[in-house]
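Structure first, commentary second.
The residues of the chain are indexed from 1 along the displayed sequence.
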Amino acid sequence: MAARSAAMKPDRRVVTVLFADIVGSTRMVATADPEDASDQLSGILDLLEHQVRRFGGTLCQTMGDGILAVFGAPDAVEDHGVRACLAADAIVRSSRRDSRMNCAVRVGVCSGEILWDASAMSGSTRPPAVGRTVHAAAKLQQSAPANSVRVADSTAALARAWVHLEPCGEISLSPGDVVRTHSILGTFSRRRRPDDETPLVGRDAEVSLLTTAIDVTWVGRGRTIILSGPPGIGKTHMAQRLVSIAQRRGLRVMEWQMHSVRPVGAPDALTELVETVFERDIPEDRSILVTMLVAGGISTNRAEAMADMLLPAQRRPGRDPQGLLNLSAEGVGEMLGAAAADEPLMLLIEDLHWAGSDDCVILNRIAGIVAQTSLLILATSRSEQTDLPHTMVHRLDAMEPPAVQRLLEMLVGSRPELDELKASISARAQGNPYFLTECVRALRADGILVGTAGDDQLGRDGMGRLPETVQALLTSRIDSLARPQRELLLAAAVIGKTFDAGLLAAAVGRSLQDVTELLADIAIRGLIDPTRLLPRLEYTFRHALLQEAAYATLTRKDRKALHTALARTLDANPAFVDMHNRLGALAEHAFRAEWWSKAVEAGISAGSAALQQSRASEAAVALNTALRAELLDHGSITDPEKRIDLRLTTARAFMALGRIHAADKLLSDAAVLAVRAQDLRREIAALLMQCSFEWVYGRLDRSIELGQQALTKSAKIEESGEPHFELMDLVTGPLLERGRVDAALKLLERAARISAKGLQEHGRYMILRAEPVIQAKLAVAKALKGDPTWRVHIDQAIAEGDSSSSLSDRVLCRLFSSEALVLVGAYPEAERLCEEAKALVDITGFHVPMPIILARLGFCKIRRKQKKAGFDLINDALRFAEKRNAPLYLARVLYYKAAGYYQTGERSEAVSLARQALALSESCGNVPRTISLLMLLSSCSTGTDRDAYYARAKEQARQYGLSGLPRVEQIPEKLSITP
């Protein structure tokens, strides 16, 4: 931390605040001579200050009879909560036993966010720490009994591994603001494992590899293994798993804990190790101690040296401290060698990176003997660097995505509604199990997740704050930088997780050369990585949460100033015209700078361009930014047409991502605005998108009604008197689902003719090209009717789709073409088109058709004897459909799964799923699907049930003229060949 003097600009900090107050100081002063009273108060305050500084705190204020201290500022420390609790405990212990105090104290401790102003430490009358956390700590101190500590729940969450806490009620800071409190009962000399510790996931191969070292320890081939990796990566979890294996193998396991700060009363490192080996306390009599050490295999002169170290009050005079340390280290080696000769040993050393210089001398001696003994040293460390002999360093890397998913399933469950939130957690944690677990805990604390572990539900919207535990750990790394590097890193965090070096230089007003040199130094320290050299130099934060922690450190004023500088640079500097997603970045920075008009303008431009290129996710972000800016500043868009268009375009992007409810709200708003503005064309566009919404959610009759209204209004404004062909195309979707195939076929043929004439404007109601989809739907309609000319339409659909610059065009023409192919039993070709469509969806983020594509692809694979792959795909489709809560999609997916079970001979499973799908299909009025399900149930049933299902299917097929659907006698050969 010494590398950086405290930054003079105020910034936001997550710290722990400590208030300590002398009880009864007024009575003490009133009855004493003023000079005596001053001396006594000063002596007591000196003792309080000593304990604060001893544990790394910063004394902010002395207030007559009390002190205010902060742990975690001006330089962040990851264990600020632990340090504050240890200091509070030490203050109370001193009050009880130190005769100089002759009084009692009360202490309050609270962790949370403050505004830290380091300049106020230089004689200013302003307080250096301001915020609710300071107020809460003061209230906690006032509520504490004499000679006791009151700790806030926020601090308890940070310190419970090292401090023994007991809940003791609540205090109210203000109406509705209640703090749960704890008292300190004592401290632990070793880290305490949490009762709800998550299991080790995804490390089986590494455990297997390291278990070999345990096995060879039995034959006298010890070694030292260091498990290294960044904080939170799972070193302690891995070590505990290996300890359990060693114990099952019959090794005696001893633990030796290194401390960043040692609790009051905890033994020093040498004492702890000796007591662990001998399994008893150190004798207070020197001669008894020496006898014990010699009996443990230590030579007399080394035992004498160890006694000098262990009992400093009885040390022999004139002894050289370094000489005593060296002899003691040799004695420790003899002690462990003798113990290992009796039985194989494992020595677990946790947090080796905290080892002091004396500890390292002892460690070097121990490591030097392991190769000839049955002693295995297992250590955890953040550093891969070591001078220890006979040592293997095993680095733990981030968890692989499948392991992350398994851990998330254990923590929150598998409800489809949680998929988006789990994806966000996974992206933020980046394979770090501690970060992931802490993010989940923060989500529960904020009410975003509710329920029980492993079976959570969404409580409210949100992606969650940065957990204080993680923020403290990451901020301590940021504060280890020198001031210029630190300030530059905080500015980079405003740009985002990945940032352009040139843009950063322009925003902070420094030369690119200076910025590049500073960034190179930050990269050496492992906080960022260069990710692109050409055409522009880019860096990426090593961890997503590191960027969040850096951003959270800045004050709102500083954030706004940097966002403003970035927005103005992106808007006016020609050097950044060609930067990727410049307009999207401009929209975001302008929004955060409260430059509303620019946020709207850039967001609309960026979002519209992204939609044209089928980048639905990028489009949704930019357009939503524009929409939020427009809502916050109604003057940003004065033209009612632009206000309507913004809502329609944003709704289109949301629907492409499956954000149906948000899209529905925007469509309703757009329709109201269009009617108010008497804008018939935009009213039609809103009707059309509402038609699509109702279709997706299975309200087919309402969808058809809205579509017909749109067609009628369109005919009034087209010169030809014909509705626009793009509207005809969209309306045929619900018509086909409803079984009105003749009506759909007529509309599709009309649409194809009008489009071919080129008399109507293309792209008026659709970003995508209508022509490929019209041809693919014609193939579906003719296949349903049993018309053999379906093939020509598929060939034309694929050809026209592949000629389009839009990848989404290619997705949709394959979606409908594969439907027609499945209808006629051409499964290999249908499978190929579904594979291609799936790959295109993965690229575009156009997720709306994904459930159908996956389910159809899975069924085709099952037909081709690829059972596991097929059902895996269908199950993925089921998750998509359940997440959307769209009955029409769900019915289709359940149908394909039921048909798959029929193909594999699992009739009871097929019947169960088919009945669920039938209920959904009938509720939506989906006639082709209902007929197919009735025929499937008929084929799975016997006797009167079989006949009843068949009769119903036959009657509906006759009623709607769907001769292309399979006859029941064909089912064993051609089951489920409907869309």
Q: Please assess F435 against H543 for the test ring-ring contact (aromatic ring centres under 6.0 Å, His included), listing each intermediate value before the final yes or no.
A: CA-CA 10 Å; F435 291 175; H543 202 284; 4.9 Å; yes
Would you say the side-chain atoms of [X] pair up with the backbone N or O of [Y], donor to acceptor, closer than 3.5 Å?
{"X": "R525", "Y": "I478", "value": "no"}
{"X": "T155", "Y": "V151", "value": "no"}
{"X": "Q547", "Y": "A493", "value": "yes"}
{"X": "T391", "Y": "D387", "value": "no"}
{"X": "T211", "Y": "V207", "value": "yes"}

Would you kindly say whether [X] and [Y] are connected by a side-chain donor-acceptor distance under 3.5 Å?
{"X": "E350", "Y": "T236", "result": "yes"}
{"X": "T498", "Y": "T540", "result": "yes"}
{"X": "T187", "Y": "D89", "result": "no"}
{"X": "T16", "Y": "H80", "result": "yes"}

Between [X] and [Y], is there a side-chain N and carboxylate O pair less than 4.0 Å apart?
{"X": "E906", "Y": "K867", "answer": "yes"}
{"X": "R382", "Y": "D351", "answer": "no"}
{"X": "R395", "Y": "E384", "answer": "yes"}
{"X": "E835", "Y": "K838", "answer": "no"}
{"X": "E275", "Y": "R280", "answer": "no"}
{"X": "R415", "Y": "D455", "answer": "yes"}
{"X": "R249", "Y": "D215", "answer": "yes"}
{"X": "R441", "Y": "D446", "answer": "no"}

Q. What residues form a side chain to side chain donor-acceptor pair (under 3.5 Å) with S424, not counting sequence neighbours?
A.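 Expected list: none.
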Q: Look at the aromatic rings of Y539 and F499 and report parallel, tilted or perpendicular, splitting at 30° and 60°.
A: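 Aromatic pair Y539/F499 classed parallel.
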Q. Looking at residues at least two apart in the chain, or sitting in another chain, which of them share a salt bridge (charged side-chain N to carboxylate O under 4.0 Å, His left out) with D268?
A.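 Listed in chain order: nothing, the list is empty.
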Q: Quick one: do T904 and I862 satisfy side-chain contact (heavy atoms from CB on, under 4.5 Å)? Show the steps, please.
A: CA-CA 8 Å; T904 59; I862 292 170; 4.0 Å; yes
Q: Could you note down all residue pairs passing ring-ring contact (aromatic ring centres under 6.0 Å, His included) where residues 251-272 supplies at least one of them, sequence neighbours left out?
A: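 Applying ring-ring contact (aromatic ring centres under 6.0 Å, His included) to every pair that reaches into residues 251-272, excluding sequence neighbours, yields W162-H259.
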Q: Could you walk me through whether L378 and I226 pass side-chain contact (heavy atoms from CB on, under 4.5 Å), step by step?
A: CA-CA 6 Å; L378 178 65; I226 296 178; over 6 Å; no
Would you say that more than 12 heavy atoms from the other residues, nucleotides or ligands in this model lie under 6.0 Å from the [atom1] of [X], or not?
{"X": "E417", "atom1": "CD", "value": "yes"}
{"X": "R221", "atom1": "CZ", "value": "no"}
{"X": "E882", "atom1": "CD", "value": "yes"}

Q. Excluding sequence neighbours, so at least two apart, what forms side-chain contact (heavy atoms from CB on, under 4.5 Å) with S374?
A.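 For S374 the side-chain contact (heavy atoms from CB on, under 4.5 Å) partners, ignoring immediate neighbours, are T217, P344.
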Name every donor-acceptor pair, under 3.5 Å, that has one atom in a side chain of residues 404-412 and the other anywhere in the protein, sequence neighbours excluded.
residue : atom : partner : partner atom : Å
E409    : OE2  : K422    : NZ           : 3.1

Q: Could you check I184 against H164 for side-chain contact (heavy atoms from CB on, under 4.5 Å), going step by step and ending with a plain yes or no?
A: CA-CA 6 Å; I184 295 180; H164 189 186; over 6 Å; no
Q: With side chain to side chain donor-acceptor pair (under 3.5 Å) as the test, would you mind laying out the steps for D153 and H182 before giving the verdict?
A: CA-CA 7 Å; D153 202 44; H182 303 255; 2.8 Å; yes
Q | Pair E272-Q257, side-chain contact (heavy atoms from CB on, under 4.5 Å): steps then yes or no | A | CA-CA 8 Å; E272 181 184 348; Q257 177 72 55; 3.8 Å; yes
Would you be so kind as to tabulate the donor-acceptor pairs closer than 3.5 Å made by side chains of residues 357-369, with sequence neighbours excluded?
residue : atom : partner : partner atom : Å
D359    : OD2  : G356    : N            : 2.9
N364    : ND2  : C360    : O            : 2.9

Q. Roughly how far, to the nearest 0.5 Å, is the CG atom of L375 from the CG atom of L336?
A.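 The CG atom of L375 is 6.0 Å from CG of L336, to the nearest 0.5 Å.
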